[in-house]
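In what follows, a single structure is set out as structure tokens and then discussed.
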Amino acid sequence: MIKVMSVFGTRPEALKMIPLVFELGKAPGIQSKVCVTAQHRQLLDQMLVPFGIKPDYDLDIMAVGQTLTDVTARVLAGLAPILAAEKPDILLVHGDTITTFAAALAAFFAQIPVGHVEAGLRSYDKYRPYPEEINRRMTTALADIYFAPTEASRDNLLKENIPAEKIIVTGNTIVDLIPYVIKENYCFSCEALNSLDFSKKIILLTAHRRENWGQPMENICRAIKRLVADNPDISVVWPVHPGQAVKTPAEAILGGMDRVLLIDPVDVFDMYNLMKQSHLLLTDSGGLQEESPSFNLPTIVLRDVTERPEGLTAGTLTLAGTEENAIYNEATRLLTDKTAYNKMASAQNPFGDGKASQRIVNAILNL
């Protein structure tokens with residue numbers, strides 16, 4: 001039996017690792033172990049509980065006011081005895097969080113091979129996104145096998161002198177998750193969503209990136225305020241990240257506005273079924289840029305650069321940055337120009353066919 005340990009700690013990681021955990025669990029010849037760091041406790045549990053994922057190990061590291069240094073140190077200290085006891089044949093990490101890098105480093109210290117799921121994404125700007133860009137670059141240096149979601153990601157790794165035989169293009173595992181969560185005649189668990197008037201154009205907003213804290217977050221809020229005031233046929237839904245850097249400006253600028261619904265973060269079932277019924281997505285998330293094409297949902301990225309250039313090339317995404325006027329103008333364009341909107345809505349999904357997890361498992365077995 002090949003012992004495979006999957007380590008993740010945040011909601012976005014869990015989203016993309018759960019279909020892989022399912023695939024590993026049913027694969028003959030593989031003993032699957034799951035360790036969560038709980039870098040984000042509440043948001044992670046929103047993923048684990050509905051899917052019935054019971055981790056073999058839970059480091060439960062989240063603390064009030066935790067810093068990047070705190071998280072890194074706790075993951076390293078927590079994983080060391082687990083790796084010494086379990087001795088997995090390979091440790092899988094995902095993407096670009098502090099958990100990703102610290103777990104890969106812990107595995108390196110224990111001389112355990114590392115498989116990097118969603119390897120090769122690059123913005124080539126060390127502070128955008130921060131700290132994710134450096135997390136994924138350092139994980140590249142530590143990994144032994146690279147599961148690149150797209151050919152563009154593979155090309156990035158080849159440019160960094162990663163041997164071609166160590167790179168496997170799989171597609172993105174997020175596409176694998178969608179069949180598990182989309183339901184017809186869906187009833188939201190968040191009651192406020194059931195009261196939405198879906199005869200209006202629903203704009204779904206998410207914003208939480210560390211580099212967008214402060215003035216950029218206020219700019220985003222003011223742009224939304226203007227959009228709602230100028231377009232009586234739209235409603236905005238924002239599942240607001242619990243951090244005060246996001247919650248405070250959201251409530252100060254948008255709280256109490258008609259047709260603006262500020263809610264707590266929702267589980268993946270509510271989120272995906274809301275995306276299915278939304279007209280437009282505004283986001284600074286990385287993962288949502290990959291998910292929205294599966295719903296034919298035009299997406300405005302609230303960042304100056306993106307490490308998902310495939311979406312720009314395919315036409316599923318457009319960059320607006322974080323200036324108030326730029327966000328307002330780009331959203332207004334898509335709300336009023338039907339040709340531009342339909343072109344984005346009908347663009348081909350560049351992120352996979354729903355078989356990425358299967359390809360990763362096959363690669364592990366073959367290796």
Side-chain angles (χ1 to χ4, degrees), residues 12-13 15-16 94-97 100 116-141 143 146-162 164 167-176 206-212 216 275 280-323 326-327 329-331 333-334 340-341 343-354 356 359:
E13 288 171 278
L15 273 169
K16 297 180 178 183
H94 179 278
D96 52 24
T97 70
T100 307
H116 188 191
V117 180
E118 198 178 271
L121 275 66
R122 296 290 186 270
S123 70
Y124 297 107
D125 183 330
K126 68 187 290 185
Y127 290 112
R128 290 186 294 182
Y130 170 81
E132 289 83 0
E133 176 68 8
I134 292 303
N135 286 341
R136 54 186 169 233
R137 289 199 216 175
M138 292 190 294
T139 302
T140 294
Y146 305 83
F147 302 111
T150 66
E151 291 291 342
S153 300
R154 178 180 184 272
D155 290 344
N156 290 338
L157 293 168
L158 291 173
K159 290 173 188 175
E160 296 171 14
N161 297 317
I162 301 301
I167 308 169
I168 299 163
V169 178
T170 62
N172 200 297
T173 57
I174 194 63
V175 183
D176 304 12
T206 79
H208 71 282
R209 298 226 74 83
R210 192 177 292 263
E211 66 267 27
N212 281 349
M275 288 174 72
L280 189 63
L281 171 66
L282 278 69
T283 186
D284 64 6
S285 164
L288 287 180
Q289 296 177 48
E290 299 159 342
E291 296 156 30
S292 59
S294 294
F295 301 99
N296 304 113
L297 180 60
T299 299
I300 298 173
V301 181
L302 305 174
R303 291 162 59 181
D304 295 317
V305 295
T306 179
E307 62 281 34
R308 276 86 175 176
E310 301 91 342
L312 296 175
T313 302
T316 62
L317 313 174
T318 178
L319 282 177
T322 57
E323 293 299 323
I327 297 167
N329 291 337
E330 188 61 15
R333 181 178 75 87
L334 290 175
Y341 178 90
K343 184 177 180 181
M344 288 188 74
S346 60
Q348 185 174 356
N349 187 346
F351 295 111
D353 59 3
R359 292 188 182 99

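- Checking side-chain atoms of N172 against main-chain N and O of P149 turns up no donor-acceptor pair under 3.5 Å.
- Between L121 atom CG and E290 atom CD the span is 6.5 Å, to the nearest 0.5 Å.
- Between the side chains of Q289 and T283, no donor N or O sits under 3.5 Å from an acceptor N or O.
- Checked against side chain to side chain donor-acceptor pair (under 3.5 Å), S285 has no partners two or more places apart in sequence or in another chain.
- Looking at every heavy atom in both residues, K126 comes nearest to E133 through CA-CG, 4.0 Å.
- Of the inter-residue distances, the one linking T173 atom OG1 with H94 atom NE2 reads 4.5 Å to the nearest 0.5 angstrom.
- Residues T299 and T318 fail the side-chain proximity criterion, which asks for heavy atoms closer than 4.5 Å.
- The pair R209-D284 does not count as a salt bridge, with every side-chain nitrogen at least 4.0 angstrom from each carboxylate oxygen.
- Among all heavy-atom pairs drawn from A320 and E330, the shortest one is CB-CB, 4.2 Å.
- Side-chain contact between P350 and T316 is present, with heavy atoms from C-beta onward closer than 4.5 Å.
- Pairing each heavy atom of S123 with each of V305, the nearest pair is CB-CG2, 4.1 Å.
- Taking CD of E132 as the reference point, atom CZ of R137 lies at 12.5 Å (rounded to 0.5 Å).
- Atom CZ of residue R122 and atom CG of residue N156 lie 6.5 Å apart, to the nearest 0.5 angstrom.
- Residue-environment remark: CD (E211) exceeds the threshold of 12 foreign heavy atoms within 6.0 Å.
- A heavy-atom distance below 4.5 Å is not found between the side chains of I327 and I300.
- Put simply, the side chain of P129 reaches to within 4.5 Å of the side chain of R136, judged on heavy atoms.
- Checked by atom type and distance alone, the side chain of N212 pairs as donor or acceptor with a backbone atom of L302 at under 3.5 Å.
- A 4.5 Å side-chain heavy-atom check between D353 and V175 finds every atom pair outside the cut-off.
- Here the CG-CZ distance, from D304 to R128, works out to 4.5 Å after rounding to the nearest 0.5 Å.
- Two residues are said to be in side-chain contact when any heavy atoms from C-beta on lie closer than 4.5 Å; M344 and L334 meet this criterion.
- For Y146 (side chain) and G120 (main-chain N/O), no donor-acceptor pair under 3.5 Å exists by modelled atom type.
- Closest of all the heavy-atom pairs between G95 and T100 is O-CG2, 3.4 Å.
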Handout entry: Steps toward side chain to side chain contact (heavy atoms under 4.5 Å, CB included) verdict (L281, E291)
Key = CA-CA 11 Å; L281 171 66; E291 296 156 30; over 6 Å; no
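- R308 and E118 are joined by a salt bridge, as a carboxylate oxygen and a charged side-chain nitrogen come within less than 4.0 angstrom of each other.
- The shortest non-hydrogen separation linking N349 to S294 is ND2-OG, 3.0 Å.
- In terms of heavy atoms, L280 sits closest to P298 at CD1-O, 3.5 Å.
- Considering CG of D125 and CD of E307, their distance stands at 10.5 Å, rounded to 0.5 Å.
- Remark: side-chain polar atoms of N135 are paired, donor with acceptor, to backbone N or O of D96 under 3.5 angstrom.
- In this structure the side chain of E310 reaches within 4.5 angstrom of the side chain of F351, judged on heavy atoms.
- The backbone N or O of S153 lies less than 3.5 Å from a partner atom in the side chain of T150, making a donor-acceptor pair.
- Looking at L288 and M275, their side chains come closer than 4.5 Å, going by heavy atoms from C-beta outward.
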